Amino acid sequence: MIEHLPEDRPSAASVGLSRKDFISDQEVRWCPGCGDYAILAQMQKLLPTLGIPRERFVMISGIGCSSRFPYYVNTYGFHTIHGRAPAVATGVKAAQPELSVWVITGDGDGLSIGGNHLIHSLRRNVDVKILLFDNRIYGLTKGQYSPTSELGKRTKSSPMGTIEPPVHPVEVALGAEATFVARAVDTDMPHLGEVLLRAARHRGTAFVHILQNCPVFNNGAFASVRDRAQRLEHGLYLRHGEPLVFGKHQDLGIVLEGLAPKIVTITPDNRDRVLIHDEQASEPTLAFLLSRMTYPEFPIPLGIFRAIQKPTYERALIEQVEEARRQMAPDLTALLSGPEPWEVDRP
Amino acid sequence: MIEHLPEDRPSAASVGLSRKDFISDQEVRWCPGCGDYAILAQMQKLLPTLGIPRERFVMISGIGCSSRFPYYVNTYGFHTIHGRAPAVATGVKAAQPELSVWVITGDGDGLSIGGNHLIHSLRRNVDVKILLFDNRIYGLTKGQYSPTSELGKRTKSSPMGTIEPPVHPVEVALGAEATFVARAVDTDMPHLGEVLLRAARHRGTAFVHILQNCPVFNNGAFASVRDRAQRLEHGLYLRHGEPLVFGKHQDLGIVLEGLAPKIVTITPDNRDRVLIHDEQASEPTLAFLLSRMTYPEFPIPLGIFRAIQKPTYERALIEQVEEARRQMAPDLTALLSGPEPWEVDRP
Amino acid sequence: MPMPDAITSSKPTQELAAVTIRFAGDSGDGMQLTGERFAAVTALAGNDFQTLPDFPAEIRAPAGTLSGVSGFQIHLGSHRITTPGDRIDVLVAMNPAALKTAWPALKSGAMLILNDNTFTEADLKKASYESNPLDDGSLDTFDIRRLPMNRLTEEALAALPLSPKEKDRCKNFFVLGLVSWLYTRPIEPTQAWIEKKFSRSPELARANALAFEAGYRLAETSDLFPIRYVIPKAPIQPGRYRKITGNEAAALACVAAGQRAGKPVVFASYPITPASDILHELARHKQFDMRTIQAEDEIAAACAAIGASYAGSVGVTATSGPGLDLKTEAIGLAVMAELPLVVIDVQRGGPSTGLPTKTEQADLLQALHGRHGECPVVVLAASTPGDCFFTVYEACRLAIKYMTPVIVLSDAFLANGAEPWRIPDVAALPEFEIPQVSEQTSSTGFHPYARDAMTLARPWVPPGTPGLEHRIGGLEKEHVTGNVSYDPVNHETMVAYRAEKIQRVTADIPPLTIHGSPEGAVLVIGWGSTWGAITAAVEQAQQEGRAVSSLHVRHLHPLPCDLLEIARRFETIMVPELNTGHLQGLLQTRLLRKIHGLHKIQGQPFLQSEIYEAIARLT
Amino acid sequence: MPMPDAITSSKPTQELAAVTIRFAGDSGDGMQLTGERFAAVTALAGNDFQTLPDFPAEIRAPAGTLSGVSGFQIHLGSHRITTPGDRIDVLVAMNPAALKTAWPALKSGAMLILNDNTFTEADLKKASYESNPLDDGSLDTFDIRRLPMNRLTEEALAALPLSPKEKDRCKNFFVLGLVSWLYTRPIEPTQAWIEKKFSRSPELARANALAFEAGYRLAETSDLFPIRYVIPKAPIQPGRYRKITGNEAAALACVAAGQRAGKPVVFASYPITPASDILHELARHKQFDMRTIQAEDEIAAACAAIGASYAGSVGVTATSGPGLDLKTEAIGLAVMAELPLVVIDVQRGGPSTGLPTKTEQADLLQALHGRHGECPVVVLAASTPGDCFFTVYEACRLAIKYMTPVIVLSDAFLANGAEPWRIPDVAALPEFEIPQVSEQTSSTGFHPYARDAMTLARPWVPPGTPGLEHRIGGLEKEHVTGNVSYDPVNHETMVAYRAEKIQRVTADIPPLTIHGSPEGAVLVIGWGSTWGAITAAVEQAQQEGRAVSSLHVRHLHPLPCDLLEIARRFETIMVPELNTGHLQGLLQTRLLRKIHGLHKIQGQPFLQSEIYEAIARLT
Ligand SMILES: Cc1ncc(C[n+]2csc(CCOP(=O)(O)OP(=O)(O)O)c2C)c(N)n1
Ligand SMILES: Cc1ncc(C[n+]2csc(CCOP(=O)(O)OP(=O)(O)O)c2C)c(N)n1
Ligand code: SF4
Ligand code: SF4
Ligand SMILES: [Mg+2]
Ligand SMILES: [Mg+2]
């Protein structure tokens, strides 16, 4: 009755799937130049490679430009209500743990109205992949600031500049004890693909912070890492077991000064002090440190901040069902009768 | 029109206030032995000492046993709805920045249904004091697990044990970029008083995680630090600028091993390696590290994890009002007329 | 030494048709257990009954105070019993606060069995008595039986190696023994129960058994109780019975629905009084593939239930008023996505936090209209604790058959009240009909919004179904294809379809049963938990020859087809409701005539007498 | 070289009473600006008018496609204009998609001014045309004027050192010039506006001015336009006017309310179409001590507004359907706490996400009943863009006077539509009455729930007031003291007080105005944005001598006292609504007679003709 998780059984039905199997018949309606196109393309490239039959995929979104995503992917899809996609996804996984469930959300959808559901699905470690398209703006409602907009940013709803310091999405996810947290850039195709693959392979909630450009309402928000040249300079690629090195010539490194990160030009002297990335560290101290780095003081870390294994929520849920069955057979008549039934005879 | 913050002007009206001025005429209705009594007593002791006239205090709560708090304090009080107290408090501060606003919430109220409002008020740095009474259970609804209940805990709603790893409230607050985060224990009177005083003095959102016993539905949840003797052994008092030392004989210390904390018996050799507490550190790395320590692997840190200064939300809000006034006089007729009025003459 | 039983007793007996007894004491006195056990043996004695616990307000109050009183009322008789009793015939009061709390409900001349040990100055003060009612004459018109229950219990257990506190906690069994004697209840079942319950601690088993025996014996021997009462068996339909509360029944219905539908049930909920017990109950029945989720809030709970339905499980959520508010938007999504969803609303006193432990019926209009846009759902209401089973079961069945949210209205009174319930035959429960993909699919392609010709339901195609991948969502859908559509006429068409689909549910509503003459002077129309009081009052009036009939509506949206036609056959219609007139207004719009309302908004159920008097005024 | 004006033109003119023009093109074509400017000069020309922009659905679609079309319709005339026009007399279509989108609304024989440069194969395909409508005869019955607008604009600007793209973006001013000539609009205001608007980039100013002139000149010189039209001034009440949209008016009302109440306004909101512009507007007026909060969600927004009211500010929140769902629980809190709160609901097509940019009136029943428990609030509805000002202002006033939430219903049609608005005299706006602490306080102590004898409002005592410290909350309160109370009868009393308080608002409702005879055959009752279409249709019918009157309700709860009495004087009542009959049902319950409904649920406002035809069927 309870099926196994997809990874356990690379399905025959998944053989021969290709990118075009994941393109739906709906016209894509994002603005020309929107970063969402690139993410869609990467996903359509990734999904056929996962060994999962197409019908096992479910895309669940909230509301926002980003949340139109499910319409364009020819799998099962559910465009729900603002901020609630993780909650809907939890129900889907509870019902069918074997599905590959992807939540598509935005910085407003996922961090403003939906912040609580995000946190709780992370802490529960529901096996869903959450892709947060962060354009640091409300796109669909035409340009209000979001929880990731820079302090002081002038938008339609903050003509004098915002007065709210932004959240760091990766930090919030780590603070909620997420088991997988990563970041990628819409235009950085191969890397985005790599990160998405890792997310797909993770058992538990995988949170991917995707830096996405909204050319219409917030053009250039992530200029420092979107353009290839800039990215080589300002992006800090995280690779497990390797030192935190960046810069056009890969000559800059991150070291600790006390408990704060510091940029150094690498020399033979300080080479040893450069921090080594460890996505599996028992304590997410380093991940936290990286999560708070912002440009221009620091490079922007890209890649996998943390990836650890913990039991998943739906697996535990099903295990309790199985355990209960081991303890007691499901006898409906007995249940309805309760502990103290009595008979009333014909008078 | 816009008054100054209380601290700027220790009011004459506050002179001569005493504890009994803060006791309302309502019968206190918590269960005998409930930890809430001790917290109430500390607050009633603290408030008269703050140099703030009684009418300037406002206690705002959500729903839960803890949220009955406002009824018992003879100041202004508002017992609102489940989880929403921080949002109500934000409105209060926007309207009257000069009030001293305290939010009283529980682990369910503040971290389950109300988690998002909590996070957003922390990131905005609204100048309210949030006291979260954590009994790791839903008291008022008679004993379901809460987001802080231990994994595997059997409660009314988890007869086979919970399957949800708990959140660390302090970690969540830090992840939301809180400017003041502290922890205290209900029974640890002087320390609780000290922490509450510091919270009162902080400008910005002060988050205080108070470990509180619910003898009825979750007795002994914090046994390791509630009882004086145990506390001396298992409590780690955080003191700014001082080493992280604990234990009955203050002979144990916290050092770093890589980026993970480790307990050592202090020797002349390793004394230097014992971490020094810094509540004002530019990076909250240490605070994060401390926030994830749980008994019995580690001692329970008590005191102030972090206390930094940032502009407050309501101050910034009012500053924009003032700035706008400097730029343009508030002329209602001109506003109503808009940029392009025209006259229609008598025909 | 064998205990005396009904036959061996030396005292005379008197036959009674019915009696209402309330056990009341401090929260720590164990009166709920006394009541529960008394009800259990009452069932075995063959009487019909209804019970109603009356918990103290949310938080435990200091011992002995008025707010700490916990009561349990039972109404039992030799005829059909439909209410827990208007007025108390017999009060067992463990302390002055219990007496004071029960005071307004005492029948004149009621028997008061009082625990003498607690009528001390301190206890009287805690109960806000200015003078001792035992002395000041205020009880003169009652039939007083004073006993030092603490002392008697203590004495009975003197020989046992238990602490004084442990002994004291046995006095509820002393009371049970005493009242069991008084009403000639069988004793073996209680003895057996004690033995089983305390099997792990024989000391306590022995103590409680002794206390029980002591109470029984005391009544037999004491002059305070010169006669005992016999209540003949009620003419109950033969069968297998159990005692059930509304919340238990609602929970069991979820299990039964999943089993009969052949699907897992995902029950996602957030705790709230008085609905939490449904979650507690279901969390204990995981062996039925019952997957319970305690969500972070009510929004998440509703959304998780929707997600589960979307993925082919039976998605259910339960809550009370404030939680229903929060589920509003999600229910709208399920309406648009046309997914099954069952929302159980255990109504309590409102508005806002209101009176969380009290009963009310004031969420009806919200259930009908409380969503933005044209957003119709099915609304059902349960009429008795046992009926919560059938109503919730039916809700699950309709939700799936019509691919729609169904709101079930229960209330605090039903949720906690108990009655004997004839255990249904599992095989005889109605079948589930699962909306299928239509035959043409192969030729014309799959259309998620192609509707069944009869029910107008769209097919239920959960993810995982090969070849039928499709997308749904909260934006307006194009008829048949389900694509997003901004077309004006399509919108009107879809609004009409969604409304008509709900109307089609009338095909599943059985004809209404009229209690009494099928036409005439007065028709009392009720819904929900008022059934018991209405039925009792109408029967009382009918026995007096008054021209009154009644009918009870389970389906509040859509209304049964025959309702209006029946209503037109009566000169006067009265609708008693625990609100300001919700159904009254609905019927008035439909019938275009004045409907009499009877409104009570006190957090309490109707008394039989209140309805009876209203009928009497109209007949 | 001076431009030709109405007087110097050599071409003949023709007088028109009214005309409906739609400017339509791709989102990038700047048609909103063309429309806005045309409306501005129309105002100066002394005509009455109404405008309605028609934005594309939420996300920018690829250029040239149907979903990318942006339109702006204006109806102007020499008499009172109450709708943006049923059918299009003149369409300016910048591309085939614009033509296709406007198609269903074209009057037969309408003038089509088409941009020839875009009727290419590629553009036709994007607009899903299978053949070129210019060639296939499908436009034969229309009055076609083809111009290569891209090229003409380009030529006019040939000499300027701008990029081709920059030049192309001036073609909306070319259109404006052309249509300004055609309808003899004054030209100086446009020239002045261009100069001011582009003062920072003289190049662009010059380009736009040249394009404008080119369009004007082309019309004067081209044979395509043999005559021009004159629309005489409308008989407008003298005074100072401005053009205003519903959202602007709602925002200004918040400012005015704060100023007149002498209190800061805290406007807390979460963005949602079509309500967001109220927030945008208010965020620009901080100098009025306007404190805007963009909350994390609608729940927080409502709660922050409540907190602000509690602390003595005017607390306002604005949203649309899905957000109203979420505010439900908070509104209930404000009902129980008896605090002022204004909730503006800009209705859009529902249910669920529905049709976010389209209009509808289907939130009325939710506004009335969408909360658990007995939870009455005041509900008002605005009838025109300008009326949003008076309605929201009145909402603020009533909220404070009666210490209650007030829900204001606007809709997408009002929110974005614009009309000339007579600027009110600030000093003449109604006064605010602030509920005060009663005199007895000194002697009997302060009671937060002691009510004003007239209004039943409790006193508004914000924190910070010395000596009156008190606690409030969502649990049921004791009458007068405001202490938590579980007393049954007190609950009923308080439910009654809360209901009666809202009823007392009727004292503030002015007598209804009947448009037409005060009694007779048919009465059309409307509410909200249908006012314009109803008024136009009723006037049309009246002019034909039909026995029809109309009245429009601003106060939907409580209903005006005189409404029922007036209704009784008519034989037939019809209620046109953009829903399935919300007000219709309410009136039916009250009047106990059949009310005719006219329902349209297409995301579009009523056409005058639709209402007229319904009247004609009844008269
Ligand atoms: C309950 C509710 N509130 C508000 C909205 C309006 N709304 C739609 S999308 C959105 C924010 C979108 O921002 P984001 O999540 O960043 O997505 P983006 O459009 O930028 O991809 C808002 C406020 C809504 N649809 N529902
Ligand atoms: C909207 C809503 N949902 C649920 C409830 C029921 N409820 C009241 S308090 C509470 C949880 C209380 O737990 P906590 O915040 O930990 O407070 P405690 O009682 O333990 O102090 C719940 C679920 C409610 N009042 N309102
Ligand atoms: S508004 Fe921004 S985020 Fe939305 S589709 Fe357009 S470019 Fe993309
Ligand atoms: S239930 Fe627990 S938290 Fe609530 S009052 Fe009682 S002891 Fe305190
Ligand atoms: Mg965004
Ligand atoms: Mg708790």
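No experiment lies behind these values; they were computed from the predicted model shown. In what follows, chains are A, B, ... by sequence order, proteins preceding strands, each numbered from 1.
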**Item:** Heavy-atom neighbours of Arg169(C) CZ exceed 12 at 6.0 Å
**Value:** no

**Request:** Verify the neighbour count for atom NZ of Lys100(C): are there more than 12 heavy atoms of other residues, nucleotides or ligands below 6.0 Å?
**Result:** yes

To the closest 0.5 Å, what do you measure between [atom1] ([X]) and [atom2] ([Y])?
X         : Y         : atom1 : atom2 : answer
Ile163(B) : Thr292(C) : CD1   : OG1   : 7.5 Å
Asp277(C) : Lys156(B) : CG    : NZ    : 6.5 Å
Ser158(B) : Arg284(C) : OG    : CZ    : 13.0 Å

**Message:** For a quick test of reading the model, state the closest non-hydrogen atom pair linking Ser112(B) to Ala295(C) and the distance between them.
**Reply:** OG-O, 4.2 Å

**Considering all heavy atoms, the nearest Ala283(C)-Ser157(B) contact** =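 That would be CB-O, 3.8 Å.
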
**Request:** Among the options Gln294(C), Glu298(C), Glu296(C), pick out the one with the most heavy-atom pairs lying under 4.5 Å from chain B.
**Result:**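 If we count pairs closer than 4.5 Å to chain B, Gln294(C) comes out on top.
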
**Prompt:** When Thr141(B) is tested against each of Pro271(C), Pro274(C), Pro356(C) for side chain to side chain contact (heavy atoms under 4.5 Å, CB included), which residue passes?
**Reply:** Pro271(C)

[X] portion near chain B, given a 4.5 angstrom heavy-atom threshold:
X         : value
Thr65(C)  : side chain
Ser27(C)  : neither
Ile272(C) : backbone

**Prompt:** Do Gln144(B) and Ser276(C) come close enough that some side-chain heavy atom pair is under 4.5 Å?
**Reply:**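 Yes, at least one pair of side-chain atoms sits under 4.5 Å.
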
**Item:** pair Pro62(C)-Glu27(B): side-chain heavy atoms closer than 4.5 Å
**Value:** yes

**Residue part contacting chain C, namely of Thr80(B), when any heavy atom lies under 4.5 Å** = backbone

**Message:** Quick one, Ile113(B) with Leu326(C), criterion side chain to side chain contact (heavy atoms under 4.5 Å, CB included). Give me CA distance, side-chain angles, the key distance, then yes/no.
**Reply:** CA-CA 11 Å; Ile113(B) 192 169; Leu326(C) 292 170; 4.0 Å; yes

**Asked** Any idea how Tyr138(B) and Tyr270(C) line up, ring-wise: parallel (<30°), tilted (30 to 60°), or perpendicular (>60°)?
**Response** perpendicular

